[in-house]
2 protein chains.
Amino acid sequence: MGYEIADALGLLLRRTTRERLHRSLTEGMGEAVDEVTYPVLSALARTGPRSAADLASDVGLDRSGVTRRATRLEQAGLVRREPHPTDRRAALLVLTDAGERAVAELRRRLADHITASLAAWPPGAAREFARSLHRFVADGPFA
Amino acid sequence: MGYEIADALGLLLRRTTRERLHRSLTEGMGEAVDEVTYPVLSALARTGPRSAADLASDVGLDRSGVTRRATRLEQAGLVRREPHPTDRRAALLVLTDAGERAVAELRRRLADHITASLAAWPPGAAREFARSLHRFVADGPFA
DNA sequence: TATTGTTATACTCTATAACTATA
DNA sequence: TATAGTTATAGAGTATAACAATA
């Protein structure tokens, strides 16, 4: 059983799998949105405006990496910088309206992909799988 | 439901998640075994001796990338090159005994991680999840 | 003295384009 | 002429180390 899941995860985590998925998800969304910038958008959508240093651990980059990605997203009009209200060293990264729309579109595309692939499943099985996967990821060997 | 799975997958496919998992899996296995070389080992274990050009599509690299990884694995004693029996242009990449042992150890570690994280699940739910994940990955939006 | 955002630098990994040998 | 393996080169992306400004 552990081996069955291990092999499935191995395939899922393969570079080609991820890249194919990301390409199909970000198609036509502009050059600024890709595998690396999406975590920045996603984290901002999830938690609201944050500073680069604060985002770094969530995104899996250090502050300099967040700065670079944020600059790309800013130039594409998806993110803007605002002065931090209490710390004049910091700047808050904020999703623009276009940024919010981009995140919503990406989440919708992925969800649609998934829903389509579950269409042939018994409804109960699909719902059970969703719950199980959520639990597995949340407190599995990855958290 | 699609959104629940989408968010779980988003976390699973995050770079930090993958890197943490790979680090914990390959700890102490020598410098040659890492996130990039593992797919080469894994593919050879799955399908037997192959040429570099033949492996390329499986591994998600082109032939030059396979060559580089194979050279690293060869220097570490996990892979050896043998002349192709019928095509003198090609070379077969073959797992050495040490290579076989390394693959088995890595699969065992991952399976153990997973089994441990499922220990608290009802046995039926865990088995059902394994089957569902396998199916989802095999003919889901990634295949 | 520590931390923020930013930039320059070095490093890693990749695909592309060559090259030689064989089909 | 095409394909195998290999190597050199260029490109993309990262962390590290610096910098000035603020805490």
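Numbered from 1 within each chain, the chains take letters A, B, ... in sequence-line order.
One donor-acceptor pair, N or O on each side, does fall under 3.5 Å between the base of C:dG5 and the side chain of A:Arg63.
Across all strands, A:Ser51 comes closer than 4.0 Å only to sugar-phosphate atoms, never to a base (heavy-atom distances). Backbone-only contact: A:Val36 has heavy atoms under 4.0 Å from sugar-phosphate atoms and none from a base.
In the set C:dG5, D:dT16, D:dG5, C:dG5 carries the atom at the smallest distance from any side-chain atom of A:Thr67. Across D:dA15, C:dG5, D:dT22, the shortest atom-to-atom separation from the side chain of A:Ala90 is found for C:dG5. Checking D:dT14, D:dG5, D:dA23 against the side-chain heavy atoms of A:Leu61 singles out D:dT14 as nearest. Across D:dG13, C:dA23, D:dT16, the shortest atom-to-atom separation from the side chain of A:Asp34 is found for D:dG13.
Distance B:Arg14 CZ to D:dT14 P: 15 Å, rounded to the nearest Å. In this structure, A:Asp62 places its CG atom 6 Å from C1' of D:dA15, rounding to the nearest Å. Summarising the geometry, the separation between CZ on A:Arg18 and C1' on D:dG13 is reported as 13 Å, rounded to the nearest angstrom. D:dA4 atom C1' lies 12 Å from atom CG of B:Asp54, rounded to whole Å. Distance A:Gln75 CD to C:dT6 P: 12 Å, rounded to the nearest Å. Rounded to a whole Å, the NE2 atom of A:His84 is 14 Å from the P atom of C:dT6. B:Leu93 has its CG atom 13 Å from the P atom of D:dA4, to the nearest Å. Between the CZ atom of B:Arg81 and the P atom of D:dA4 there is a distance of 15 Å, rounded to whole Å.
Look at B:Arg88 and you'll find a side-chain N or O under 4.0 angstrom from OP1 or OP2 of C:dA23. Residue B:Arg68 places no side-chain N or O under 4.0 Å from the OP1 or OP2 atom of D:dT7. The shortest distance between the side-chain N/O atoms of A:Arg69 and the OP1/OP2 oxygens of D:dA12 is not below 4.0 Å. Remark: A:Ser64 is not in phosphate contact with C:dT6, judged by side-chain N or O atoms under 4.0 Å from OP1 or OP2.
Looking at A:Asp112 and A:Arg107, no side-chain N of the basic residue comes within less than 4.0 Å of a carboxylate O on the acidic one, giving no salt bridge. Salt-bridge check for A:Arg101 with A:Asp97: failed, with every basic side-chain N at 4.0 Å or more from each acidic carboxylate O.
No more than 12 heavy atoms of other residues, nucleotides or ligands shown are found within 6.0 angstrom of NE2 on B:His134. Counting heavy-atom neighbours within 6.0 Å of B:Glu82 CD, excluding the residue itself, gives a total above 12.
Residues passing the ring pair (Phe, Tyr, Trp, His ring centres under 6.0 Å) test with B:Phe136 are A:Phe129, B:Phe142, sequence neighbours excluded.
Where A:Gly60 and A:Arg89 each meet DNA chain D at their nearest nucleotide, the meeting point lying more 5' is that of A:Gly60.
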